[in-house]
S.K.: 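Dumping the structure here so I can ask a few things about it.
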Amino acid sequence: MPRIPELNEALEGDSDNAEWLCQRAYAHILLANYSCAVEDAKKALQLEPGLPLAFLRIGIAEYQLSRYESAREALTEGLQMDKSNKSFQLWINRCEDMMEQNGLVNRTWAPPPLKYDWYQTESQVIVTIMEKNVPKDRLHVSFAEKELSATVHVQDNCSSKLNIQLLHSIVPQQSTYKILTTKVEIKMKKTEAIRWEKLEVEDQETNIKQFSPNDYPSSSLHTRNWDKVVEDISEEEKKEKLEGDAALNKLFQQIYSDGSDEVKRAMNKSFTESAGTVLSTNWKDVGKRTVDVSPPDDRDAKKD
């Protein structure tokens, strides 16, 4: 059976850390321990309600367990909290595909997103929505300091939407819009007369607190790197065909690659001194002692 003792060891120093539990949930997903992944992610939500990453872990694991409705429910809730993470919609679509195949849901027509273009002057950013003859009572535009939202009601209970997280701040009170016959023109007042390199901020995969080496030396210093891999776990497993120990080795390579200097020293020292039988990320522990050989119960230690 695949084991993840090193991740368990990392949690010993901070057992009530929601982000760490999410990382272990990912490890369980990688090793196809989907029920354990759900358990860890749900515990993370108990510790930190509203953590988007925990909903993503639950959704992926529930999907792999063929519990598509509960998976979609978790993913939909997570999407409401982190609309910039495209992984949520990807997995929601997969859930709905499987639910449709199993006769659990019927697809309904959804309007396409609003198409737009933009340009700027020294004092304004102008966004043009490519919609003709939009009735005034069917358009809603709102401004925030770093956000633009627009909704066009196409028919009853059905709307096309545009939501942009702006690269720089605007002055909402001095921003306006105008409905023309060929388009909707939105003018946003810049707070500073600077040139915008682009309109939107880069997509943020996950809003996770970054750890300080003084808090606990671990590979979670670069937590968001995990989410680059988790976007499509099924495809990754198909391509690489990693199972069991091979998948675990890949995980440890990722931990070493993303870890701090202290994490790397701890891993090198523990692995070398223990003749390859111990792999620790805790420098505070292994840095002050010699790491003894600790082979599995059914094996003898290697002898020179």
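Being a predicted model, the structure only gives us computed values, none of them experimental.
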S.K.: Of all the heavy-atom pairs spanning Ala41 and Ile58, show the shortest one and how long it is.
M.R.: CB-CG1, 3.4 Å
S.K.: Does Trp118 reach the side chain of Leu148, with side-chain heavy atoms less than 4.5 Å apart?
M.R.: no
S.K.: Can Lys43 and Glu48 be said to form a side-chain contact (heavy atoms from CB on, under 4.5 Å), step by step?
M.R.: CA-CA 9 Å; Lys43 183 176 180 181; Glu48 190 172 331; over 6 Å; no
S.K.: Between Val171 and Ile194, is there shared hydrophobic-cluster membership here, with clusters defined by ILVMFWY side-chain heavy atoms closer than 4.5 Å?
M.R.: no
S.K.: How far does CG of Leu53 sit from CG of Asn85, to the nearest 0.5 angstrom?
M.R.: 8.5 Å
S.K.: Check each of Glu77, Glu96, Glu100 against Arg72 using the salt bridge (Lys or Arg N to Asp or Glu O under 4.0 Å) test, and report the only one that passes.
M.R.: Glu96
S.K.: Any idea which heavy atoms bring Gly59 and Leu75 closest together, and the distance?
M.R.: CA-CG, 3.7 Å
S.K.: Mind checking whether Glu185 and Ile126 have side chains closer than 4.5 Å, heavy atoms only?
M.R.: yes
S.K.: Can Ile92 and Gln89 be said to form a side-chain contact (heavy atoms from CB on, under 4.5 Å), step by step?
M.R.: CA-CA 5 Å; Ile92 288 172; Gln89 193 59 56; 3.9 Å; yes
S.K.: Do the ring planes of Trp91 and Tyr63 sit parallel (below 30°), tilted (30 to 60°) or perpendicular (above 60°)?
M.R.: perpendicular
S.K.: Before accepting this row, confirm whether a basic side-chain N of the pair Glu200/Lys198 lies closer than 4.0 Å to the acidic partner's carboxylate O.
M.R.: no
S.K.: Please report the interatomic distance CD(Gln46) to CG(Leu51), rounded to the nearest 0.5 Å.
M.R.: 13.0 Å
S.K.: Supply the atom-to-atom distance Glu39 CD to His28 NE2, rounded to the nearest 0.5 angstrom.
M.R.: 8.0 Å
S.K.: Considering all heavy atoms of both residues, which atom of Ile186 and which atom of Phe143 are nearest to each other, and what is their separation?
M.R.: CG2-CE2, 3.5 Å
S.K.: From Leu162 CG over to Lys115 NZ, what is the distance, rounded to the nearest 0.5 angstrom?
M.R.: 13.5 Å
S.K.: For the CD atom on Gln120, are there more than 12 heavy atoms of other groups (residues, nucleotides or ligands in this structure) within a distance under 6.0 Å?
M.R.: yes
S.K.: Tell me, do Ile29 and Arg57 make a side-chain contact under 4.5 Å, heavy atoms counted?
M.R.: yes
S.K.: Tell me, with the steps shown, if Asn163 and Glu147 meet side-chain contact (heavy atoms from CB on, under 4.5 Å).
M.R.: CA-CA 7 Å; Asn163 187 273; Glu147 182 177 5; 2.7 Å; yes
S.K.: Are the side chain of Glu145 and the backbone of Ile170 linked by a donor-acceptor contact shorter than 3.5 Å?
M.R.: no
S.K.: For the residue pair Phe88 and Pro52, what are the closest heavy atoms and their distance?
M.R.: CZ-O, 3.3 Å
S.K.: With a 4.0 Å cut-off on N to O distance, would you call Lys183 and Glu131 a salt bridge?
M.R.: no
S.K.: Could you pull out the closest heavy-atom pair between Ala37 and Ala25, with the gap in Å?
M.R.: CB-O, 3.4 Å
S.K.: Can you label the angle between the Trp196 ring and the His168 ring as parallel, tilted or perpendicular, going by 30° and 60°?
M.R.: perpendicular
S.K.: Are the side chains of Lys189 and Ser123 in contact, using a 4.5 Å heavy-atom criterion?
M.R.: yes
S.K.: Is there a side-chain contact between Glu62 and Val38, using heavy atoms and a 4.5 Å cut-off?
M.R.: yes
S.K.: Could you give the distance from CG (Leu139) to OG (Ser160), rounded to the nearest 0.5 Å?
M.R.: 11.5 Å
S.K.: Would you mind reporting whether Leu65 and Ser35 have side-chain heavy atoms less than 4.5 Å apart?
M.R.: yes
S.K.: With a 4.5 Å limit on heavy-atom distance, are the side chains of Leu167 and Leu199 in contact?
M.R.: no
S.K.: Mind checking whether Met99 and Leu90 sit in one hydrophobic cluster, side chains of I, L, V, M, F, W, Y counted as touching below 4.5 Å?
M.R.: yes
S.K.: Where do Thr128 and Asp117 land on the side chain to side chain donor-acceptor pair (under 3.5 Å) test, with the steps shown first?
M.R.: CA-CA 5 Å; Thr128 302; Asp117 198 358; over 6 Å; no
S.K.: With rounding to the nearest 0.5 Å, note down the distance linking OH in Tyr68 to CE in Met98.
M.R.: 3.5 Å
S.K.: Does Ser169 reach the main-chain N or O of Lys146 with its side chain, forming a donor-acceptor pair under 3.5 Å?
M.R.: no
S.K.: Can a donor-acceptor pair be found, under 3.5 Å and without considering hydrogens, that links the side chain of Thr76 to the backbone of Glu73?
M.R.: no
S.K.: Has Lys269 got more than 12 heavy atoms of other residues, nucleotides or ligands less than 6.0 Å from its NZ?
M.R.: yes
S.K.: Going through the checks in order, is the side-chain contact (heavy atoms from CB on, under 4.5 Å) test met by Asp40 and Lys42?
M.R.: CA-CA 6 Å; Asp40 270 352; Lys42 286 185 175 180; over 6 Å; no
S.K.: Please walk me through it: do Asp292 and Thr290 pass side chain to side chain donor-acceptor pair (under 3.5 Å)?
M.R.: CA-CA 6 Å; Asp292 296 328; Thr290 299; over 6 Å; no
S.K.: Does atom CD of Gln124 have more than 12 heavy-atom neighbours, drawn from other residues, nucleotides or ligands, at distances under 6.0 Å?
M.R.: yes
S.K.: Applying side chain to side chain donor-acceptor pair (under 3.5 Å) to Gln101 and Asp97, what does each step give before you reach the verdict?
M.R.: CA-CA 6 Å; Gln101 290 179 29; Asp97 286 340; over 6 Å; no
S.K.: Mind checking side-chain contact (heavy atoms from CB on, under 4.5 Å) for Ala44 and listing every partner two or more places apart, or none if nothing turns up?
M.R.: Ala18, Leu21, Cys22, Ala54
S.K.: Identify the two heavy atoms, one from Lys190 and one from Arg195, that lie closest to each other, and give their separation to 0.1 Å.
M.R.: NZ-CA, 4.3 Å
S.K.: Are the side chains of Phe55 and Leu79 in touch, meaning some heavy atoms are under 4.5 Å apart?
M.R.: no
S.K.: Quick check: does any side chain N or O of Arg138 sit under 3.5 Å from a backbone N or O of His153, one acting as donor and the other as acceptor?
M.R.: yes
